[in-house]
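Taking it in order: structure first as structure tokens, then the write-up.
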Amino acid sequence: MFAPTLREVPADAEIISHKLMLRSGMIRKVASGIYTYLPLGWRALNKVSNIVREEMDESGAQELMFPIVQPAELWQKSGRWDVYGDELWRVKDRHGRDFCLGPTHEEVIASLVAGEVKSHKQLPLMLYQIQNKYRDERRPRFGLMRGREFVMKDCYSFDRDEQGLDVNYHIMYDAYTRIFNRCGLDFRPVEADNGAIGGTSSHEFMVLADSGEAEILHCNKCEYAANVEIANTGSVQQVSEESEQEIEKILTPDCRTIDDVAAFLKLDTTKTMKALCYTADDEVVIVFVRGDRRLNEIKVQNHLGATTFYMSTEEELQSAGLVQGYIGAVDQKVKMLLDTEVTTGKNLCCGANDHGYHLINVNYKRDFDGEIGNFRLVEAGEKCPHCDGTLESARGVEVGQVFKLGTKYSVSMGAYYLDEEGKSQPMEMGCYGIGVGRTLAAAIEQNNDENGIVWPLAIAPYQIIIVTVSEKSETQVAAGEKLYGELMAKGYEVILDDRHERAGVKFKDADLIGIPLRITIGDKSLAKGELEYKIRRDGEAGVISVDNAVSEIDALLAKIK
RNA sequence: CGGGACGUAGCGCAGUUUGGUAGCGCACCUGAUUUGGGAUCAGGAGGCCGCAGGUUCAAAUCCUGUCGUCCCGACCA
């Protein structure tokens with residue numbers, strides 16, 4: 001067996017799942033964000049894949065396999081060749097023709113279905129694959145959590161109408177719930193942004209873990225949970241009853257930040273407005289949020305419907321006539337977006353559009369106007385948008401996401417069908433992804449102790465490990481091989497640790513690689529006709545009889561489940 | 001991409017300040033003694049000190065460049 005375990009942790013691993021996968025000999029790094037799965041890792045990965053496969057098949061989806069290498073034409077047709085950015089891993093063939101390594105497969109599948117499906121009688125249709133994806137991440141991180149090459153299950157649904165899409169969306173939502181339950185994960189579906197993939201509705205499945213890259217807000221009373229990127233609040237902003245004061249221009253030297261300004265003017269930061277400038281599809285816009293709040297870029301981008309979106313450069317600010325650090329809302333010629341809170345507050349402070357000066361007692365409508373919206377990040381402690389509960393914050397690993405795509409790709413790729421009246425209609429698409437390797441890593445994040453991995457039985461690379469205390473004992477060796485054969489014949493996945501190592505080494509490795517049930521064969525108990533067992537998760541230990549070993553192991557495994 | 005750090009044996013590290021021809025622990029090989037939670041002793045093998053230039057009698061060490069890796073941020077369907 002090729003399972004090179006490590007006593008020490010490689011220096012470049014930061015989070016527990018990455019450390020344990022390296023130490024247990026599951027993975028090795030080949031390049032940043034690119035990993036080899038060794039036999040133990042590959043087995044565990046396939047356990048997850050097979051659970052996913054079973055639930056997809058059960059849901060009526062059919063498995064197929066798309067190529068990794070995709071021609072640029074497909075991506076040009078959908079428009080994403082130019083939009084996707086540097087993350088799209090572009091390659092050229094020997095003739096100089098453009099291709100990419102698939103980061104996702106909407107184009108390929110929509111193109112396939114466009115060519116093959118012509119009638120409403122062929123719908124609905126759900127197709128999926130489990131395959132490598134490529135995204136040239138700026139910063140790969142945390143082992144399998146964010147790689148540049150990773151295994152993903154992606155499923156796509158095609159329906160005649162929104163009602164059909166809705167049905168399949170819920171079928172997939174339920175399948176995902178079963179999948180992550182079967183993998184033994186503590187997870188939560190949350191409302192999510194649709195991002196650049198487009199579409200109308202989306203949920204992410206988040207495995208709760210401190211190492212998670214995503215922040216979610218969830219209600220302490222009801223089921224509401226959302227990615228902070230799109231989270232809303234029920235906290236109502238009453239228009240302040242304060243009477244409007246006369247506007248004043250004040251010299252504020254060396255006040256570069258909101259805190260500087262607030263301190264200098266002896267104002268609360270809630271009485272200030274901050275201006276953040278973005279370039280959206282080549283137009284500079286200013287977004288104002290209350291000084292103490294954080295801007296939510298995704299909400300702004302979605303509001304604008306912008307394809308390209310980034311914080312404006314200094315040159316762009318200058319050519320738009322904006323004075324960095326002193327941008328104000330009064331007499332502003334550049335397009336302004338106003339977060340609700342800057343329209344409900346009274347007598348606020350903002351920049352004076354003049355270097356070194358701020359305005360105080362600025363008021364919405366009287367002094368400035370603009371497009372109003374919800375542009376800030378909601379924070380923990382605010383009210384739930386659905387009930388009177390309070391939002392709490394948690395971190396999560398996004399292991400899956402379900403999207404309603406609508407007709408975006410069917411239209412661009414030409415996936416139309418003829419309805420009963422012979423009328424051409426674009427198909428309603430949904431797409432449903434699961435990061436298989438990430439799910440595995442997330443499972444380790446949630447299932448480990450100081451000795452190593454503690455696999456949930458369903459995704460353990462092996463269910464049982466048999467350890468002989470001494471390979472010099474012929475009776476132990478014989479008993480071990482006999483039990484191994486019997487368990488294998490029953491269909492169990494078993495390791496027989498017959499290395500000529502001391503018992504301590506074998507026990508440590510068994511714990512490290514996290515096998516749920518350990519059977520120890522030693523002379524003392526063997527003489528009494530007994531084998532010892534130990535359950536990895538809770539450490540429960542005891543003996544079973546040699547004669548009834550297999551049936552007693554059956555019972556133990558049933559209990560571990 | 002901005003900021004920070006690091007590349008010396010399979011892994012973890014020291015050595016770089018002050019240039020003198022590479023070391024420790026674990027792992028690996030041989031032997032002996034051991035053998036129920038990562039044994040002990042003895043003997044060994046293993047290094048283009050990331051790479052390329054430069055300075056110097058002499059470079060792991062100084063200089064320049066370059067590649068790679070990690071962390072924070074930004075970014076991310």
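The chains referred to below are lettered A, B, ... by the order of the sequence lines, with proteins before strands, and numbering in each begins at 1.
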Counting just side-chain N and O atoms, does A:Ser32 come under 4.0 Å of either OP1 or OP2 of B:G68?
no

With the side chain of A:Lys29 defined as its heavy atoms from C-beta on, choose the nearest nucleotide among B:C28, B:G38, B:U69.
B:U69

Quick check for you: among B:G38, B:G36, B:C75, whose closest atom lies nearest to any side-chain atom of A:Asp509?
B:G38

For the P atoms, the ones on B:G23 and on B:U40, what distance do you get once it is rounded to whole angstrom?
23 Å

How far, in whole Å, is B:G50 from B:G12 if one measures between their P atoms?
15 Å

Distance test, side-chain N/O of A:Arg141 to OP1/OP2 of B:G73, below 4.0 Å
yes

How long is the line joining CD1 of A:Ile27 and P of B:C11, in whole Å?
14 Å

Name the closest nucleotide to the A:Phe507 side chain, picking from B:U69, B:G37, B:U35.
B:G37

What nucleic acid atoms does A:Glu297 come within less than 4.0 Å of, heavy atoms only: base, sugar-phosphate, or nothing?
sugar-phosphate

Under 4.0 Å between any heavy atoms, over every strand shown, what does A:Ala31 touch: base, sugar-phosphate, or nothing? Just pick one.
sugar-phosphate

Tell which nucleotide pairs with B:U56, taking only Watson-Crick or G-U wobble pairs whose two distances are both under 3.5 angstrom.
none

Determine, for A:Phe150 and A:Lys133, whether the Lys NZ or Arg CZ falls below 6.0 Å from the six-membered ring centre while staying within 45 degrees of the axis.
no

Can you name the residues that form a side chain to side chain contact (heavy atoms under 4.5 Å, CB included) with A:Leu304, not counting sequence neighbours?
A:Ala280, A:Val285, A:Val300, A:Ala306, A:Phe309, A:Lys335, A:Leu337

Please work out which residues in residues 1-18 of chain A have a non-hydrogen atom less than 4.0 Å from an atom of RNA chain B and list them by number.
A:Arg7, A:Glu8, A:Val9, A:Pro10, A:Ala11, A:Asp12, A:Glu14

Taking any heavy-atom pair under 4.0 Å as a contact, classify A:Arg518: base, sugar-phosphate, or nothing.
base

Near RNA chain B, under 4.0 Å by heavy atom, which residues of residues 531-545 of chain A?
A:Glu532, A:Lys534

Nearest to the side chain of A:Arg139, which nucleotide is it out of B:C76, B:A74, B:U35?
B:A74

How long is the line joining OH of A:Tyr310 and C1' of B:A74, in whole Å?
15 Å

Reckon A:Phe142 touches a base, only the sugar-phosphate, or nothing at all at heavy-atom distances under 4.0 Å?
sugar-phosphate

Upstream residue (5' side of RNA chain B) when A:Gly522 and A:Gln301 are each assigned their closest nucleotide
A:Gly522

